[in-house]
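Right, one structure below, let's go through it.
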Amino acid sequence: MSQIINENFSTNFNNFINKYRVKEAQRMLLEGNNKTFTIESIANSAGFHSKSSFNTAFKKLTGLTPSDFIRLKEHPQSENENSSLVEN
């Protein structure tokens with residue numbers, strides 16, 4: 001499976017999976033009813049097993065830490081507020 005992902009998506013298996021995990025975490029972080037959960041619990045729900053690996057993948061894919069992502073979405077400072085969302 002890794003070879004197929006490498007050849008067809010020009011990325012490795014971990015990065016491929018992490019993209020979907022980060023996208024799910026972003027969705028959960030933006031949902032109003034998840035505001036009572038910690039970032040770490042949302043990371044775990046999205047499939048990450050450590051806060052460190054989640055923060056690293058999140059920043060690599062979005063350019064922001066999870067905390068900065070939440071802050072930006074709660075208090076947008078520009079018209080381009082969705083630029084940090086992971087695309088398909």
Side-chain angles (χ1 to χ4, degrees):
M1 181 179 280
S2 289
Q3 182 179 355
I4 292 169
I5 290 171
N6 290 344
E7 291 172 0
N8 293 309
F9 296 97
S10 300
T11 190
N12 66 40
F13 180 78
N14 287 335
N15 289 338
F16 182 80
I17 295 300
N18 284 344
K19 178 179 173 182
Y20 290 96
R21 288 177 175 168
V22 167
K23 190 172 179 179
E24 175 63 9
Q26 285 182 309
R27 185 192 64 74
M28 293 175 73
L29 289 167
L30 295 176
E31 275 188 4
N33 59 344
N34 287 331
K35 296 221 184 273
T36 59
F37 295 105
T38 64
I39 292 173
E40 190 169 5
S41 67
I42 288 175
N44 289 331
S45 294
F48 288 93
H49 298 293
S50 78
K51 186 176 180 180
S52 174
S53 64
F54 172 64
N55 286 337
T56 300
F58 198 98
K59 184 148 187 172
K60 179 180 178 180
L61 291 166
T62 67
L64 299 169
T65 65
S67 297
D68 289 340
F69 174 80
I70 293 167
R71 205 171 3 264
L72 178 67
K73 297 308 170 187
E74 288 177 347
H75 306 289
Q77 297 176 358
S78 72
E79 294 178 17
N80 196 11
E81 68 180 73
N82 290 326
S83 64
S84 59
L85 290 174
V86 174
E87 300 294 326
N88 286 336

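If you read the sequence from its start, that first residue is 1, and numbering goes on from there.
Residues satisfying the ring pair (Phe, Tyr, Trp, His ring centres under 6.0 Å) test with F9, not counting sequence neighbours, are F16. Applying the side-chain hydrogen bond (donor to acceptor under 3.5 Å, both in side chains) rule to E31 yields the partners R27, N34; only residues at least two apart in sequence or on another chain are considered.
Across all non-hydrogen atoms, the minimal contact from T65 to K59 is CG2-CD, 4.2 Å. When every heavy atom of N33 is checked against every heavy atom of T36, the shortest pair comes out as O-OG1, 4.3 Å.
The distance from the CD atom of E40 to the OG atom of S45 is 11.0 Å, given to the nearest 0.5 Å. The distance from the CZ atom of F58 to the CD atom of Q26 is 4.5 Å, given to the nearest 0.5 Å. One finds the OG1 atom of T56 at 12.0 Å from the NZ atom of K51 (value rounded to the nearest 0.5 Å). Separation of atoms CG (L29) and CD (E24) is listed at 10.0 Å; rounding is to 0.5 Å. Atoms CD1 and NZ, from I42 and K35 in turn, are 9.0 Å apart once rounded to the nearest 0.5 Å. Note that the NE2 atom of H75 and the CD1 atom of I70 stand 11.0 Å from one another [nearest 0.5 Å].
Counting heavy atoms from C-beta outward, K60 and N18 have side chains that stay 4.5 Å or more apart. At a threshold of 4.5 Å between non-hydrogen side-chain atoms, the residues N55 and F48 do not count as touching. A heavy-atom distance below 4.5 Å is found between the side chains of L30 and F69.
The cluster map of Ile, Leu, Val, Met, Phe, Trp and Tyr, joined by side-chain heavy atoms under 4.5 Å apart, puts M1 and Y20 in the same cluster.
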The test is side chain to side chain contact (heavy atoms under 4.5 Å, CB included); show your working for I5 and N12 and say whether it passes. CA-CA 7 Å; I5 290 171; N12 66 40; over 6 Å; no
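Counted within 6.0 Å of CD on Q3, heavy atoms from surrounding residues, nucleotides or ligands total 12 or fewer; the atom is thus considered open.
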